[in-house]
A.B. asks: 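Before we start, here is the structure in question, set down as structure tokens.
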Amino acid sequence: MEQKNAVNPGARPAAPAAPKAAAAPAKSSGGASLFSVIVIVLAFIASVIIFMFVLGDPSHYLGNNPENNPKPGDYLGIVHKGGVIVPLLMTMLLCVITFSIERALTISKAKGSQSIEAFVRSVRQKLNVNDINGAIALCDQQKGSVANVVRAGLKKYQEMGRETTMNTDQRVLAIQKEIEESTALELPMLEKNLVIISTLASIATLVGLLGTVFGMIKAFSALAQAGNPDATALATGISEALINTALGIGTSALAIVAYNFFTSKIDELTYSIDEAGFSIIQTFAAQHGNAGQES
């Protein structure tokens with residue numbers, strides 16, 4: 001790359017959009033982080049409100065007294081008996097659902113207006129007839145992350161086509177570097193919040209087990225009383241243990257499925273970018289190889 005810059009110092013300034021593209025992810029990163037914090041805080045507040053005023057409503061209990069057992073078949077009251085760990089697990093569940101919806105919308109937008117396969121196929125057809133402007137027009141119509149990367153590569157293709165001071169290998173390397181840089185700018189936005197989902201997949205199970213431990217402590221405390229054990233306290237402790245276990249495992253399972261699903265979708269986008277980039281590089285090498293050797 002140092003040789004490229006030395007031979008052609010004016011090559012990089014010819015692409016004025018690059019500084020904007022580099023600055024955009026930094027701004028988006030801050031916005032995404034703020035969004036994540038807001039979602040977590042609101043999910044916790046909503047969970048506490050639901051736990052206290054919906055699940056804990058006296059109407060779910062025998063004699064309208066939350067100290068008593070829940071009414072038979074009243075699952076809201078049963079969940080409320082899970083104890084103070086339940087709002088934390090509900091917060092995690094709401095976060096997994098919210099971030100999954102957000103990732104689904106983001107990745108869907110990144111694909112563009114039509115299917116990725118059709119777009120890549122159309123770009124390759126344009127490249128085969130050396131219609132670079134037509135390929136760029138397809139990128140403008142497609143939009144999305146894949147189209148942005150391909151468009152950057154095509155712009156560099158045109159620039160290198162006019163370059164006369166570099167050989168073919170140097171020009172191909174410049175196009176490849178442009179595609180890699182554009183990909184590096186687009187992919188982090190696709191992977192935002194996935195780390196939160198993957199973290200929740202592990203933490204939810206542990207928090208559920210913590211609630212299970214608390215419930216079992218209460219159950220064994222009821223059994224340890226002298227004389228007749230407190231059947232109500234025993235049942236409450238066991239219920240708390242099982243409810244927290246169920247919520248923790250369910251939240252963790254949902255997070256694992258969401259994480260693997262979105263990871264596979266991002267891999268598909270990455271493969272499409274690589275396929276389109278390979279076509280751009282191969283077409284340039286085939287059409288400018290002889291000219292580059294003569295120059």
A.B. asks: Output a table of donor-acceptor pairs, distance under 3.5 Å, between side-chain atoms of residues 76-88 and any protein atom two or more places apart or on a different chain; print 'none' if there are none.
C.D. replies:
residue : atom : partner : partner atom : Å
H80     : ND1  : Y61     : OH           : 2.4
K81     : NZ   : P66     : O            : 3.2
K81     : NZ   : N68     : O            : 3.4

A.B. asks: Given side chain to side chain donor-acceptor pair (under 3.5 Å), test S36 with N193 step by step and report yes or no.
C.D. replies: CA-CA 7 Å; S36 301; N193 298 327; 2.6 Å; yes

A.B. asks: Would you give the length of the straight line joining atom CG of L209 to atom CD1 of I249, rounded to the nearest 0.5 angstrom?
C.D. replies: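 Between L209 CG and I249 CD1, I get 7.5 Å after rounding to 0.5 Å.
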
A.B. asks: Are any non-hydrogen side-chain atoms of L94 and S47 less than 4.5 angstrom apart?
C.D. replies: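 In short, these two side chains touch, coming nearer than 4.5 Å.
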
A.B. asks: How about K218 and I238: do any of their side-chain heavy atoms sit closer than 4.5 Å?
C.D. replies: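 They are not in contact (no side-chain heavy atoms under 4.5 Å apart), so the answer is no.
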
A.B. asks: Quick one: are K156 and E159 in side-chain contact, heavy atoms under 4.5 Å?
C.D. replies: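 Yes - at least one pair of side-chain heavy atoms lies under 4.5 Å apart.
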
A.B. asks: Would you give the length of the straight line joining atom OG of S221 to atom CE of M216, rounded to the nearest 0.5 angstrom?
C.D. replies: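 The distance works out to 10.5 Å.
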
A.B. asks: So, do I175 and E178 sit near enough that their side-chain heavy atoms are less than 4.5 Å apart?
C.D. replies: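 The answer is no; the side chains never approach within 4.5 Å.
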
A.B. asks: Same hydrophobic cluster for I45 and F35, using side-chain heavy-atom links shorter than 4.5 Å among ILVMFWY?
C.D. replies: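 Linked within one cluster.
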
A.B. asks: Which heavy atom of S145 sits nearest to which heavy atom of E186, and what is that distance?
C.D. replies: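 Looks like OG-OE1, 3.1 Å.
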
A.B. asks: For the residue pair L89 and T251, what are the closest heavy atoms and their distance?
C.D. replies: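 Answer, listing the atom of L89 first, then T251: O-OG1, 4.0 Å.
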
A.B. asks: Supply the atom-to-atom distance Y157 OH to L127 CG, rounded to the nearest 0.5 angstrom.
C.D. replies: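 Y157 atom OH to L127 atom CG measures 6.5 Å (nearest 0.5 Å).
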
A.B. asks: Pairs of donor and acceptor atoms involving the side chains of residues 104-118, under 3.5 Å and at least two apart or interchain, shall be tabulated with distances.
C.D. replies:
residue : atom : partner : partner atom : Å
T106    : OG1  : E102    : O            : 2.9
T106    : OG1  : E102    : OE2          : 3.2
T106    : OG1  : R103    : NH2          : 3.4
S113    : OG   : Q141    : O            : 3.2
Q114    : NE2  : Q142    : OE1          : 3.4
S115    : OG   : A118    : N            : 3.3

A.B. asks: Check whether I132 and V129 end up in the same hydrophobic cluster, where Ile, Leu, Val, Met, Phe, Trp and Tyr are linked by side-chain heavy atoms less than 4.5 Å apart.
C.D. replies: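 In one cluster with I132: V129, no.
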
A.B. asks: Could you list the residues that satisfy side-chain hydrogen bond (donor to acceptor under 3.5 Å, both in side chains) with R151, not counting sequence neighbours?
C.D. replies: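 For R151, the residues satisfying side-chain hydrogen bond (donor to acceptor under 3.5 Å, both in side chains) (neighbours in sequence not counted) are D140.
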
A.B. asks: In Å, rounded to the nearest 0.5 Å, how long is the span from CZ of F262 to CG of L190?
C.D. replies: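 Output value for this atom pair is 12.0 Å.
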
A.B. asks: Could you check whether any side-chain heavy atom of S100 comes within less than 4.5 Å of a side-chain heavy atom of I197, counting everything from C-beta outward?
C.D. replies: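 Yes, their side chains come closer than 4.5 Å.
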
A.B. asks: Checking K126 side chain against A137 main chain: does a donor-acceptor pair fall under 3.5 Å?
C.D. replies: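 Not at all, since once roles are kept as given, no pair shorter than 3.5 Å links the two residues.
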
A.B. asks: Determine whether a donor-acceptor pair (N or O, by modelled atom type, separation under 3.5 Å) exists between the side chain of Q282 and the backbone of S279.
C.D. replies: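 Side chain of Q282 to backbone of S279, a donor-acceptor pair under 3.5 Å: no, none is there.
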
A.B. asks: Would you say Y75 and F51 are hydrophobically clustered, going by side-chain heavy atoms of ILVMFWY under 4.5 Å?
C.D. replies: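 As far as the 4.5 Å side-chain criterion goes, F51 and Y75 are connected within one cluster.
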
A.B. asks: What distance separates M92 CE from M90 CE, expressed to the nearest 0.5 Å?
C.D. replies: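 Taking CE in M92 and CE in M90, the distance rounds to 12.5 Å.
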
A.B. asks: List the atom of L154, the atom of A135, and the distance in Å for their closest heavy-atom pair.
C.D. replies: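 Nearest pair, atom of L154 first, then A135: CD1-CB, 3.5 Å.
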
A.B. asks: Of all residues at least two apart in sequence or in a different chain, which pass the side-chain hydrogen bond (donor to acceptor under 3.5 Å, both in side chains) check with D131?
C.D. replies: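 Here no residue qualifies.
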
A.B. asks: Kindly give the heavy-atom pair with the smallest separation between V150 and A276, and that separation in Å.
C.D. replies: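 What the structure gives for the nearest pair is CG2-CB, 3.6 Å.
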
A.B. asks: Distance check, rounded to the nearest 0.5 Å: I179 atom CD1 versus I280 atom CD1?
C.D. replies: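 Reported value, rounded in 0.5 Å steps: 4.5 Å.
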
A.B. asks: Are I101 and Y259 connected into the same hydrophobic cluster when the rule is that any two of I, L, V, M, F, W, Y join if their side-chain heavy atoms are below 4.5 Å apart?
C.D. replies: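 Yes, one cluster joins them.
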
A.B. asks: In terms of hydrophobic clustering (I, L, V, M, F, W, Y; side-chain heavy atoms under 4.5 Å; direct or indirect links), are F99 and I256 co-clustered?
C.D. replies: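 Not linked; separate clusters.
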
A.B. asks: Quick one: closest heavy-atom pair of P72 and L62, and the distance?
C.D. replies: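 So the two residues come closest at CD-CD2, 4.2 Å.
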
A.B. asks: In a table with atom names and distances, give each donor-acceptor pair under 3.5 Å that connects a side chain of residues 198-208 to protein atoms at least two apart or in another chain.
C.D. replies:
residue : atom : partner : partner atom : Å
S198    : OG   : L194    : O            : 3.4
S198    : OG   : V195    : O            : 2.8
T199    : OG1  : V195    : O            : 2.7
T205    : OG1  : S252    : OG           : 3.0

A.B. asks: Please name all residues satisfying ring-ring contact (aromatic ring centres under 6.0 Å, His included) with F119, sequence neighbours left out, ordered by chain then number.
C.D. replies: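 F119 satisfies ring-ring contact (aromatic ring centres under 6.0 Å, His included) with no residue once adjacent residues are dropped.
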
A.B. asks: Can you tell me if NZ on K143 sees more than 12 non-hydrogen neighbours from other groups inside 6.0 Å?
C.D. replies: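 No - once you tally the heavy atoms of other residues, nucleotides and ligands closer than 6.0 Å, there are 12 at most.
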
A.B. asks: Less than 4.5 Å apart, side chain to side chain, heavy atoms only: is that true for T165 and R171?
C.D. replies: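 Sidechains of R171 and T165: no contact.
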
A.B. asks: To check you understand the geometry: which heavy-atom pair defines the closest contact between N128 and Q287, and what is its length?
C.D. replies: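 Scanning both residues completely, I find the closest heavy atoms to be O-NE2, 4.4 Å.
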
A.B. asks: For K177, is there an ion pair with E180 - N to carboxylate O distance below 4.0 angstrom?
C.D. replies: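 Salt bridge between E180 and K177, a charged N being under 4.0 Å from a carboxylate O: no.
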
A.B. asks: Apply side chain to side chain donor-acceptor pair (under 3.5 Å) to the pair E181 and T183, showing each step before the final yes or no.
C.D. replies: CA-CA 5 Å; E181 289 178 351; T183 303; over 6 Å; no

